[in-house]
2 protein chains.
Amino acid sequence: MENKTYTIKEVAEKTNLTIPTIRYYETEGVLPPVERSESGNRVFTDSDIGWLDLICCLRGTGMPIKKIKQFVQWCLEGDDTIDDRIEMLIEHGKTVDEQLEVLSNYKAAIEWKINYHREMKMQIDARRNAVRLMEQQDLKS
Amino acid sequence: MENKTYTIKEVAEKTNLTIPTIRYYETEGVLPPVERSESGNRVFTDSDIGWLDLICCLRGTGMPIKKIKQFVQWCLEGDDTIDDRIEMLIEHGKTVDEQLEVLSNYKAAIEWKINYHREMKMQIDARRNAVRLMEQQDLKS
DNA sequence: TCTTGACATAAAGTGCACTTTAGGTTATAA
DNA sequence: TTATAACCTAAAGTGCACTTTATGTCAAGA
């Protein structure tokens, strides 16, 4: 289960990234260099998929590519960068907390809007029914 | 408190948008046309600020400008669009729920990473201390 | 009266994160 | 053996949401 390798297509399916995006991440240095077969094709390992999962996590929480690259480079540089890495993660975690708060406030505002519109709709329907009833009255007379 | 008017600068401060962004929203038709003074300057009301708050809420939850424009246009068209508006808000609300879930999963992953790195740091420090102690031993001998 | 600051417009520019295109190599299957 | 599919690179293109620039008007204070 550990030494399995994957083609770029398989990795794309596993990570929900497109093939060009994965290549782009590697050429940008966000994804560390991937092993190659004799013919030059990328041969991905579970470790590479791990890096991509990390990249997705950081991207999905709004971290720019450049900063992710910085973090990954620190990881590759080794022990001396451990404090920098921890600090970056903690700082980033705080921004994610902020995003969560902002987002749930917006969510509440949207719910409020929905209810407001629903009440509006009730009134509109009531008015239409009233008009319809009046028209029926007119027909009868 | 209701008939107060504002300059574009004041609105920018109130909404945390830049002046060009507010103008951009109006020219794009996302913000309904704002009243003008005799000299052609925009004169904002609380209602305009309300629109901008809505726009910020929808933008901040990932709705593209075009769709916001659609929603605002529906609002201006009146009663007949009430069902469309409610449907859009409900659908959008669902995507916000998804965003919240994804984001809190990512947040958990980051916390996990932080702890992982902290444990790593403990080991690195322990190893460094061990080396330091051994060097002191060497000096004594 | 003149200058300063806040406003205006139209059009071009920017930054980011990909995506698309064009052209080429390699391995398997009919 | 030839065609097809999966991979490759380098470079140009795209889409979105603004932002910047260039140029001009207008009202108020020195």
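Just so you know, these numbers come straight off a predicted model, no measurement behind them. Below, chain A is the first sequence line, B the second, and so on; all start at residue 1. Worth knowing before you read on, the calculation uses all heavy atoms, side chains too, and leaves out hydrogens, waters and symmetry mates.
- Put simply, CD on B/E28 is 14 Å from P on C/dA11, counting in whole angstrom units.
- The phosphate of C/dC7 (OP1 or OP2) has a side-chain N or O of B/T7 nearer than 4.0 angstrom.
- Residue B/T27 is classed as having no contact, given no heavy-atom separation below 4.0 Å to the nucleic acid.
- In terms of modelled atom types and a separation under 3.5 Å, the side chain of A/K69 and the main chain of A/E28 share a donor-acceptor contact.
- A straight line from CD of B/E26 to C1' of C/dA10 spans 15 Å, rounded to a whole angstrom.
- Side-chain nitrogen and oxygen atoms of A/Y25 include at least one within less than 4.0 Å of the OP1 or OP2 phosphate oxygen of C/dC18.
- We find that CZ of B/R42 is positioned 15 Å from C1' of D/dC26, with the value rounded to whole Å.
- When rounded to the nearest whole Å, the span between CD1 of B/I68 and P of D/dC16 equals 13 Å.
- Between B/R23 and C/dA6 there is no side-chain N or O to OP1 or OP2 distance below 4.0 Å.
- Between A/E10 and A/K14 there is no salt bridge, since none of the side-chain N atoms of the basic residue sits less than 4.0 Å from a carboxylate O of the acidic one.
- With C/dA8, D/dC8, D/dC18 as the choices, the nucleotide that has an atom nearest any side-chain atom of B/N41 turns out to be C/dA8.
- Between B/Y6 and the choices B/T45, B/D46, B/D48, the side chain to side chain donor-acceptor pair (under 3.5 Å) rule is met once, by B/D46.
- Atom pair B/L52:CG and D/dC18:P shows a separation of 12 Å (rounding to whole Å applied).
- A/I22 places its CD1 atom 13 Å from the P atom of D/dT9, with the value rounded to the nearest Å.
- Atom CD in B/E38 sits about 11 Å away from atom P in D/dC26, given to the nearest Å.
- Contact annotation: the side chain of B/F44 never approaches that of B/T5 to less than 4.5 Å [non-hydrogen atoms, C-beta and beyond].
- In the displayed structure, B/E101 atom CD is contacted under 6.0 Å by at most 12 heavy atoms of other residues, nucleotides or ligands.
- Under 4.0 angstrom from either OP1 or OP2 of C/dC18 there lies no side-chain N or O belonging to A/T18.
- A straight line from CD1 of A/I19 to P of C/dC18 spans 16 Å, rounded to a whole angstrom.
- A residue-by-residue look at B/S39 and B/R59 shows that B/R59 has its nearest nucleotide of DNA chain D further toward the 5' end.
- Side-chain proximity of A/K9 to the nucleotides C/dT19, D/dC7, D/dT19 is greatest for D/dC7.
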